[in-house]
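Take a look at the structure set out below.
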Amino acid sequence: EKQGAEEIVYQGKIIEVVNQKVKTGDKEQTFEFARRSPGTRLIIVTPDNKILLTKEYRIEVDSYDYRLPGGKVFDRLTEYNEFLATGEDILPKAEAAAKKEALEEVGIDVETIDYISTSKAGATVIWDLFYFAVTKYTHRELGQELEHGEDIEVIEVDIDEAKAICLDGRMQEDRSVAILLKYLHSRE
């Protein structure tokens, strides 16, 4: 399988549609995919073994959703594409972005952070989510530093409640549901 150069057919602020010629044997076809700047998600474990989640209003579900705190690694797709061209490892950038999101959405300064895994969206949608566990942190006196328009409440739940939130649909980002359940299971 041989891949040709990418042709960007649409580029917005955070999503682009790309066509790429792919040759398999003697047959050539155009492969179309969407690419979005990657994101981060945080599993934050309190000193008394509870989990910090956020409850935030999400336009895409027109409701409040329980979430793992997180956000974008790059604010603009052009920044992401420039980074990809360098060939550098993205994990340090993702970790820095995760720490920034912990500060903004949860109001904590991260002291101990560990990479858990990267979730891939699929073949036709490239949107990686980098998951980290935070096990040591300090609360900031100023609290959250929410961006304009963000409506985010920090919720502390025990392990059983975290599992219930995952399984009963209150957390609607299924990738985060899967990673959180795997993480909680690994700690049993």
Side-chain angles (χ1 to χ4, degrees), residues 11-16 34-47 50-83 90-119 121 125-158 161-162 164-166 168-181 183-184:
Q11 187 175 68
K13 181 179 174 184
I14 61 170
I15 293 176
E16 65 188 4
R35 178 170 40 220
R36 181 188 165 165
S37 179
T40 63
R41 299 292 183 268
L42 294 156
I43 297 173
I44 303 170
V45 182
T46 68
K50 293 186 178 177
I51 304 294
L52 294 182
L53 301 175
T54 56
K55 183 179 178 184
E56 65 180 282
Y57 184 80
R58 301 296 300 186
I59 292 172
E60 68 271 20
V61 294
D62 193 24
S63 182
Y64 283 87
D65 189 20
Y66 287 82
R67 317 235 337 148
L68 293 175
K72 296 184 288 293
V73 176
F74 300 93
D75 287 329
R76 300 189 67 83
L77 187 61
T78 51
E79 293 173 53
Y80 177 46
N81 287 340
E82 287 167 8
F83 180 81
I90 196 169
L91 209 50
K93 286 275 191 200
E95 183 177 311
K99 289 177 179 178
K100 178 180 170 271
E101 292 295 334
L103 175 73
E104 292 175 359
E105 288 191 359
V106 186
I108 62 172
D109 288 309
V110 171
E111 294 177 20
T112 304
I113 187 168
D114 296 300
Y115 169 73
I116 298 172
S117 68
T118 302
S119 172
V125 177
I126 297 171
W127 178 35
D128 294 347
L129 290 178
F130 296 92
Y131 286 84
F132 296 90
V134 173
T135 52
K136 190 172 182 192
Y137 59 88
T138 55
H139 284 279
R140 297 189 71 241
E141 202 173 299
L142 296 174
Q144 296 168 294
E145 294 180 7
L146 299 177
E147 293 177 22
H148 177 74
E150 285 186 315
D151 179 359
I152 301 174
E153 178 185 356
V154 179
I155 310 278
E156 184 177 299
V157 297
D158 64 29
E161 181 66 8
I165 288 168
C166 287
D168 68 15
R170 284 179 280 167
M171 182 180 286
Q172 297 181 54
E173 187 175 67
D174 289 335
R175 293 198 275 170
S176 292
V177 166
I179 300 294
L180 180 54
L181 287 173
Y183 179 82
L184 295 174

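The chain is numbered in sequence order, starting from 1. For clarity, every value in this text was computed on a predicted model and none was experimentally measured. Atoms considered below: every heavy atom in the structure, side chains included; atoms not considered: hydrogens, waters and symmetry mates.
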side-chain contact (heavy atoms from CB on, under 4.5 Å) between I90 and F130, intermediate numbers included: CA-CA 10 Å; I90 196 169; F130 296 92; 3.4 Å; yes
CA sep, side-chain torsions, deciding dist, call: I155, T54, side-chain contact (heavy atoms from CB on, under 4.5 Å): CA-CA 6 Å; I155 310 278; T54 56; over 6 Å; no
Worked verdict on Y66 versus L180 for side-chain contact (heavy atoms from CB on, under 4.5 Å): CA-CA 12 Å; Y66 287 82; L180 180 54; over 6 Å; no
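Taking the side chain as every heavy atom from C-beta outward, Y183 and V45 approach each other to under 4.5 Å. Using a 4.5 Å cut-off on side-chain heavy atoms (C-beta onward), R58 and Q172 make no contact. In this structure, I51 and L184 have side chains that are in contact, with non-hydrogen atoms separated by less than 4.5 Å. The side-chain heavy atoms of T40 and L129, taken from C-beta on, include no pair separated by under 4.5 Å. Between I43 and I179 the shortest side-chain heavy-atom distance falls below 4.5 Å.
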Using distance only, find each side-chain donor-acceptor pair of residues 105-117 under 3.5 Å and give its atom names and separation, not counting sequence neighbours.
unit_1, atom_1, unit_2, atom_2, d
E105, OE1, G70, N, 3.1
Y115, OH, T118, N, 3.0
Y115, OH, T118, OG1, 2.5

Side chains of residues 93-101: which donor-acceptor partners sit under 3.5 Å, not counting sequence neighbours?
unit_1, atom_1, unit_2, atom_2, d
E95, OE2, K99, NZ, 3.4
K100, NZ, E104, OE2, 3.2

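Of all heavy-atom pairs between A102 and L42, the closest is CB-CD1, 3.7 Å.
With rounding to the nearest 0.5 angstrom, the CD1 atom of I14 is 4.0 Å from the CZ atom of R36. Residue K136 holds its NZ atom at 16.0 Å from CD1 of I44, rounded to the nearest 0.5 Å. Distance CZ/R35 to CD1/I126: 6.0 Å, rounded to 0.5 Å.
By the side chain to side chain donor-acceptor pair (under 3.5 Å) test, S176 pairs with Y131, E173, sequence neighbours left out. Partners of S119 under the side chain to side chain donor-acceptor pair (under 3.5 Å) rule, at least two apart in sequence or in another chain, are R175. Checked against side chain to side chain donor-acceptor pair (under 3.5 Å), E161 has the following partners two or more places apart in sequence or in another chain: R170. T135 pairs by the side chain to side chain donor-acceptor pair (under 3.5 Å) definition with nothing, not counting sequence neighbours. Shown here are the side chain to side chain contact (heavy atoms under 4.5 Å, CB included) partners of V125, two or more places apart in sequence or in another chain: A121, W127.
Among residues at least two apart or in separate chains, side chain to side chain donor-acceptor pair (under 3.5 Å) pairs with a member in residues 148-158 are Y64-D151. Applying the side chain to side chain donor-acceptor pair (under 3.5 Å) rule to pairs touching residues 69-81 yields E16-N81, sequence neighbours excluded. Pairs passing the side chain to side chain donor-acceptor pair (under 3.5 Å) check and including a residue from residues 137-147, sequence neighbours excluded, read R140-E145.
For the residue pair D65/Y57, the side-chain donor-acceptor check at 3.5 Å is not satisfied.
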